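Below: the structure, in structure tokens.
Small disclaimer: the values here were computed from a predicted structure and weren't measured. All ligand and atom numbering here is 1-based and tracks the order in the structure.
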Amino acid sequence: MEEKQLIKQAEKAMSNSYSPYSKFKVGAALLTKDGEVYPGANIENASYPLAMCAERNAVYHALNRGVKKEDIVALAIIGDTTGPISPCGACRQVLHELLPRDAVIYLASTNGSVKKTSTTELLPFAFDESDL
Ligand code: THU
């Protein structure tokens, strides 16, 4: 699957966003080696800190369906932002642990801008299992 198609899938996932508090819709789509796509959207709560970001929902969705880390090839994340969306720190930590080092991460905006990145670029000098 091409970059554009995966970003389109992430944009489609935005429509499932439950964000009555921030009114900021985010969508994500995770691609596996066999071409399967796992969508995710941000889901908020009246108890604000319980909100779950779109990209973490997409990754947790895939893992709950039995996808293995080594089978993940790409993840697209999109928002109504002026430039490519920037994942929060918590998501960077989770992506660093659950995505392979060579997975491609597309940070996109509905205005068409895209930045291609990776887990290590998003979280240099990460705390991980080797530190325990
Ligand atoms: N959000 C995401 O889902 N992903 C990001 O990369 C940035 C932020 C969500 C969390 C919250 O529901 C809303 O956007 C505003 O922070």
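Test Arg101, Arg92, His96 against Thr119 for side chain to side chain donor-acceptor pair (under 3.5 Å) and you get one pass: Arg101.
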Note every protein N or O atom lying under 3.5 Å from an N or O atom of ligand 1, pairing the names and giving the distance.
| unit_1 | atom_1 | unit_2 | atom_2 | d |
| --- | --- | --- | --- | --- |
| ligand 1 | 3 (O) | Ala54 | N | 2.9 |
| ligand 1 | 4 (N) | Glu55 | OE1 | 2.9 |
| ligand 1 | 4 (N) | Glu55 | OE2 | 3.4 |
| ligand 1 | 6 (O) | Glu55 | OE2 | 2.6 |
| ligand 1 | 12 (O) | Asn42 | ND2 | 2.9 |
| ligand 1 | 12 (O) | Glu44 | OE2 | 2.5 |

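Residues forming a side chain to side chain contact (heavy atoms under 4.5 Å, CB included) with Glu44 (at least two apart in sequence, or on another chain): Ser19, Pro20, Tyr21, Ser22, Asn42, Ala51.
Contact between Ile77 and Pro87 at its shortest, heavy atoms only, is CD1-CG, 4.1 Å.
A donor-acceptor pair under 3.5 Å is formed between the side chain of Gln5 and the backbone N or O of Glu2.
By the 6.0 Å contact criterion, NZ on Lys69 is enclosed, its count of non-hydrogen atoms from other residues, nucleotides or ligands being greater than 12.
A side-chain donor from one of Thr117 and Glu121 sits under 3.5 Å from a side-chain acceptor of the other.
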